[in-house]
Amino acid sequence: MLVKSIVLVGPMGVGKSTIGRLLASALQRDFYDTDKLIEDRAGADISWIFDIEGEDGFRVRESNTLAELCMQDDLVIATGGGIIMREENRKLLNKYGHVVYLTASVNQLVRRTDKDKKRPLLQVDDPKQKIIELLELRDPLYREVADFVIETDGKTPKQVAETLVEQV
């Protein structure tokens with residue numbers, strides 16, 4: 001019997017990877033982080049891929065990775081923040097996964113990403129404004145694919161994972 005994978009979506013810095021690892025451990029499932037898989041396969045970090053191939057090149061890699069993971073079941077998958085930008089990815093998410101949208105306030109996201117220089121989209125003069133713009137664009141798409149929406153502000157990753165274990 002097919003057991004749908006649990007797929008975590010949401011903005012960068014919300015804690016998808018950390019929460020995903022905890023959730024996978026609690027559910028005794030394999031965990032995959034799409035960004036980490038892409039980096040491992042490319043032998044380079046995402047910033048380098050953006051520099052060489054552009055965002056479009058990265059998004060192709062991201063779509064291919066998601067399609068591959070969707071061919072398996074019973075996983076916990078943490079996705080990159082922009083994975084929902086492509087319609088083909090949203091269709092895959094709706095068909096193959098229990099999708100959890102992890103949310104956080106703009107201020108929380110700014111705090112969590114403030115020192116991280118590996119996020120190409122935030123290498124701008126005003127990262128907070130960029131986060132606001134990305135959320136305005138992406139929030140409706142996250143909600144479109146989500147089966148569950150979990151607010152992470154004021155909660156530890158363990159608390160969020162425990163909440164998810166109860167809901168999925």
Side-chain angles (χ1 to χ4, degrees), residues 2-24 27 29-104 109 112-113 116-124 127 130-150 152 157 160-161 164 168:
L2 175 70
V3 178
K4 282 190 169 186
S5 292
I6 299 167
V7 185
L8 305 179
V9 300
M12 60 184 111
V14 79
K16 298 179 297 285
S17 298
T18 303
I19 293 164
R21 277 187 210 88
L22 293 167
L23 181 60
L27 296 174
R29 293 185 180 198
D30 290 333
F31 171 74
Y32 292 94
D33 179 316
T34 58
D35 285 349
K36 175 94 172 78
L37 273 174
I38 291 165
E39 287 181 334
D40 289 349
R41 290 173 179 173
D45 65 19
I46 290 170
S47 294
W48 183 88
I49 296 169
F50 264 69
D51 286 346
I52 301 303
E53 299 178 7
E55 185 173 355
D56 287 343
F58 173 75
R59 296 295 173 207
V60 168
R61 289 175 183 265
E62 188 175 57
S63 293
N64 292 340
T65 300
L66 179 64
E68 178 187 321
L69 290 173
C70 285
M71 301 310 283
Q72 304 173 56
D73 60 340
D74 209 20
L75 305 175
V76 174
I77 303 166
T79 63
I83 204 160
I84 45 76
M85 294 305 296
R86 287 185 162 205
E87 184 178 357
E88 67 193 86
N89 293 344
R90 294 193 303 275
K91 287 179 180 177
L92 282 171
L93 291 169
N94 282 327
K95 186 172 182 180
Y96 292 106
H98 288 297
V99 182
V100 179
Y101 172 21
L102 299 176
T103 68
L109 295 172
R112 290 180 184 169
T113 59
D116 191 341
K117 300 301 179 205
K118 292 187 176 184
R119 299 180 188 272
L121 293 179
L122 293 184
Q123 303 313 305
V124 295
K130 185 65 175 181
I131 288 172
I132 291 168
E133 291 168 7
L134 289 170
L135 283 175
E136 286 174 357
L137 178 65
R138 295 175 177 178
D139 180 73
L141 301 174
Y142 292 135
R143 292 183 186 281
E144 175 186 317
V145 299
D147 296 302
F148 306 101
V149 179
I150 306 286
T152 64
V160 175
L164 286 171
V168 292

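In what follows, residues are counted from 1 in the order of the sequence shown. No experiment lies behind these values; they were computed from the predicted model shown.
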Query raised in the report: Should Val7 and Leu75 count as side-chain neighbours, where that means a heavy-atom distance under 4.5 Å?
Result: no
Query raised in the report: Under the side-chain hydrogen bond (donor to acceptor under 3.5 Å, both in side chains) test, which residues partner Asn89, sequence neighbours left out?
Result: Ser63
Report task. Hey, could you give me the OH/CG distance between Tyr96 and Asp73, rounded to the nearest 0.5 Å? Result -> 11.0 Å
Query raised in the report: Are side-chain heavy atoms of Leu134 and Ile132 found at a separation under 4.5 Å?
Result: no
Report task. With rounding to the nearest 0.5 Å, note down the distance linking CD1 in Ile46 to NZ in Lys36. Result -> 10.5 Å
Report summary line: d(Lys130 NZ, Leu135 CG) to nearest 0.5 Å is 11.5 Å
Query - Distance, nearest 0.5 Å, that separates CD1 of Ile49 from CD1 of Ile38 - result: 6.5 Å
Report task. Decide yes or no for Leu164 and Leu8: does some side-chain heavy atom of the first lie under 4.5 Å from some side-chain heavy atom of the second? Result -> yes
Query raised in the report: Is there side-chain contact between Leu102 and Val9, with heavy atoms separated by less than 4.5 Å?
Result: no
**Report entry** Minimal non-hydrogen separation, Arg29 against Lys4, with atom names
**Finding:** NH1-O, 3.2 Å
Report task. Please test Arg138 against Glu144 for salt bridge (charged side-chain N to carboxylate O under 4.0 Å, His left out), starting from the C-alpha separation and ending with a verdict. Result -> CA-CA 10 Å; Arg138 295 175 177 178; Glu144 175 186 317; over 6 Å; no
Query raised in the report: Is there a donor-acceptor pair under 3.5 Å between the side chain of Arg90 and the backbone N or O of Ile84?
Result: yes
Report task. With rounding to the nearest 0.5 Å, note down the distance linking CZ in Phe31 to OG in Ser5. Result -> 12.0 Å
Query raised in the report: Sequence neighbours excluded, which residues qualify as side-chain hydrogen bond (donor to acceptor under 3.5 Å, both in side chains) partners of Asp56?
Result: none
Query raised in the report: Heavy atoms, side chains only, cut-off 4.5 Å: are Phe58 and Glu53 in contact?
Result: no
Query raised in the report: Distance from Leu66 atom CG to Arg61 atom CZ, nearest 0.5 Å?
Result: 15.5 Å
Report summary line: For Ala161 and Leu22, the nearest pair of non-hydrogen atoms, with its separation, is CB-CB, 3.8 Å
Query raised in the report: Is there a donor-acceptor pair closer than 3.5 Å between any side-chain N or O of Tyr142 and the backbone N or O of Gly81?
Result: yes
Query raised in the report: Do Thr103 and Thr152 come within less than 4.5 Å of each other through their side chains, counting heavy atoms only?
Result: no
Query raised in the report: Which heavy atom of Leu141 sits nearest a heavy atom of Met85, and at what distance?
Result: CD1-SD, 3.8 Å
Query raised in the report: Would you say the side chains of Asp147 and Tyr101 form a donor-acceptor pair under 3.5 Å?
Result: no
Using distance only, find each side-chain donor-acceptor pair of residues 10-18 under 3.5 Å and give its atom names and separation, not counting sequence neighbours.
unit_1	atom_1	unit_2	atom_2	d
Lys16	NZ	Gly10	O	2.9
Lys16	NZ	Pro11	O	3.0
Ser17	OG	Asp33	OD2	2.3

Report task. Side-chain contact test, heavy atoms from C-beta onward, threshold under 4.5 Å: evaluate it for Thr65 versus Glu62 and give yes or no. Result -> no
**Report entry** Residues Arg59 and Glu88 bridged, charged N to O under 4.0 Å
**Finding:** no
Query raised in the report: Is there a side-chain contact between Leu69 and Thr34 (heavy atoms, below 4.5 Å)?
Result: yes
Query raised in the report: Which heavy atom of Val149 sits nearest a heavy atom of Ala146, and at what distance?
Result: CG2-CB, 4.2 Å
